[in-house]
Number of protein chains: 2
Amino acid sequence: MADREGCRGLGGPRPGGRSARVQASVHRAARALLARMDRAEVTIPLIAQEAGVTPSTIYRRWGELNELLADVAVERLRPDMVPVETGSGRGDLLAWAEQYAEEMSSGLGREMIRDVLAAEGADGPRRCCGYARQQIDLIAGRAEARGEAFPDIDKVLDRVIAPILFRILFDEALATEQVAGLVDCAFAAVERRAA
Amino acid sequence: MADREGCRGLGGPRPGGRSARVQASVHRAARALLARMDRAEVTIPLIAQEAGVTPSTIYRRWGELNELLADVAVERLRPDMVPVETGSGRGDLLAWAEQYAEEMSSGLGREMIRDVLAAEGADGPRRCCGYARQQIDLIAGRAEARGEAFPDIDKVLDRVIAPILFRILFDEALATEQVAGLVDCAFAAVERRAA
DNA sequence: CCTCCAAACGCAAAGAATTTGCTTTTAGCG
DNA sequence: CGCTAAAAGCAAATTCTTTGCGTTTGGAGG
């Protein structure tokens with residue numbers, strides 16, 4: 001797990017080499033420090049020390065703390081399991097959305113999203129969106145295979161994911177029960193069409 | 001406009017005095033620099049110089065650049081006019097949402113939102129959400145006065161505002177035409193109820 | 001297998017930003 | 001008209017960031 005490939009998106013220049021080792025070490029150090037202390041206390045020199053690396057290496061590679069933390073956050077945000085199967089597309093979506101909402105509402109989840117959004121040039125936000133899309137796509141594919149109607153991915157994004165994240169970022173995170181209403185809304189169109 | 005009250009939320013300790021003057025000056029300086037150069041080039045010492053103030057004043061008051069920029073952004077994000085009247089609640093909402101989407105999609109809009117979200121302790125996001133709520137509330141009030149059905153504020157937030165901001169932050173900002181679909185969705189519930 | 005090359009790293013000095021202790025100014029109050 | 005405490009200025013100390021240069025390292029071609 002420690003010596004995985006770089007995950008810098010566009011294929012690390014030299015996968016498997018020292019470069020990859022350094023990146024892994026820095027990521028690990030960043031995660032460790034974030035777990036051990038307040039996010040506001042974490043600095044690049046600190047991470048460098050924890051990773052056994054010179055600060056200038058980090059500065060040259062990531063430019064600033066925020067880019068690095070965003071990079072780390074995107075990696076942590078990548079889904080690591082397939083959505084559970086409940087028997088219906090609607091059930092699958094509801095279960096997945098509830099878990100998603102819960103994970104993102106946590107203090108750590110919130111922090112990671114904000115780190116990803118704050119990064120200047122990176123395409124972190126798009127990648128996170130892509131992760132969600134992937135998962136929903138998978139659920140939709142299963143539903144279709146069963147011959148069920150399932151809403152458009154974009155409808156799900158707008159009506160389920162968007163409200164969940166909006167509330168977390170701008171207001172109060174919504175309770176688990178509220179997610180069901182969003183899923184209903186996403187299904188409203190296809191059900192009326194089917195009827 | 002330059003010597004308004006502080007807007008630091010909890011009533012500046014000494015409104016009208018030097019404190020307020022300094023705050024206004026710093027805000028003005030920050031806006032000027034943001035207009036003149038790249039956001040990444042702006043630093044606290046620079047703002048301090050532009051404002052004719054020592055850096056330590058800014059550090060003590062705002063702590064870090066991001067807090068200050070968030071403060072400035074929240075102030076700029078505050079709506080400065082009442083939503084246009086089109087004759088119907090639906091038309092009002094559509095017109096307002098289209099303008100909102102356009103403003104927020106601009107480079108400056110995006111930047112301001114991200115500044116607000118990135119600020120640690122501040123309640124900036126909530127205040128921005130409150131601004132939108134206020135505007136919608138106003139539209140809803142007018143609709144109600146005309147005896148029209150109008151969706152819940154929270155429905156509008158979830159089905160119109162949330163998707164608009166979600167797309168801007170995580171993906172591609174949606175085109176003006178797409179906003180109409182969101183408004184339709186927000187009205188779907190009340191119309192079915194009315195029918 | 002060996003040699004060469006360029007990318008990435010380490011090191012250290014230079015430059016900027018941030019923090020901090022202390023003094024001075026200033027608005028509000030008795 | 002002083003008094004007081006909050007806020008600002010100033011400057012030294014600290015910490016972070018940038019940068020130039022020499023060294024290491026992984027990969028490509030001979």
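In what follows, every chain begins at residue 1, and chains take the letters A, B, ... in the order their sequences are listed.
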**Request:** Could you tell me the separation between the CH2 atom of A:W62 and the P atom of D:dC16, rounded to a whole number of Å?
**Result:** 18 Å
**Message:** Without decimals, in angstroms, what is the distance between B:E67 CD and C:dT19 P?
**Reply:** 12 Å
**Fill in**
Taken to the nearest whole Å, CD1/B:I58 to P/C:dT19 is 13 Å
**Asked** Thinking salt bridges, do B:R76 and B:E111 make one under a 4.0 Å N-O criterion?
**Response** no
**Message:** I want to check one thing: is the phosphate of D:dA8, taken as OP1 and OP2, less than 4.0 Å away from some side-chain N or O of B:T57?
**Reply:** no
**Message:** So if I define the base as every atom that isn't primed, P, OP1 or OP2, how would nucleotides 17-24 of chain D read as a B/S/- string at a heavy-atom cutoff under 4.0 Å?
**Reply:** SBBBB--B
**Message:** Just so I know, are the side chains of B:R127 and B:Y131 near enough to count as touching, which here means a heavy-atom distance under 4.5 Å?
**Reply:** yes
**Asked** Using the ring of each side chain (for Trp, its six-membered ring), is A:H27 parallel, tilted or perpendicular to A:W62, with breaks at 30° and 60°?
**Response** tilted
**Asked** Any side-chain N or O of A:R21 under 4.0 Å from OP1/OP2 of D:dG26?
**Response** yes
**Request:** Take B:Q178 and B:R167, measure what side-chain hydrogen bond (donor to acceptor under 3.5 Å, both in side chains) needs, and give me the verdict at the end.
**Result:** CA-CA 11 Å; B:Q178 322 238 42; B:R167 297 285 180 171; over 6 Å; no
**Prompt:** Minimum heavy-atom separation for B:V74 to B:G124, with atom names?
**Reply:** CG2-CA, 3.8 Å
**Prompt:** Whole Å only: how far is the CG atom of A:N66 from the C1' atom of D:dC16?
**Reply:** 16 Å
**Asked** Would you say A:I58 and A:L65 make side-chain contact, with heavy atoms under 4.5 Å?
**Response** no
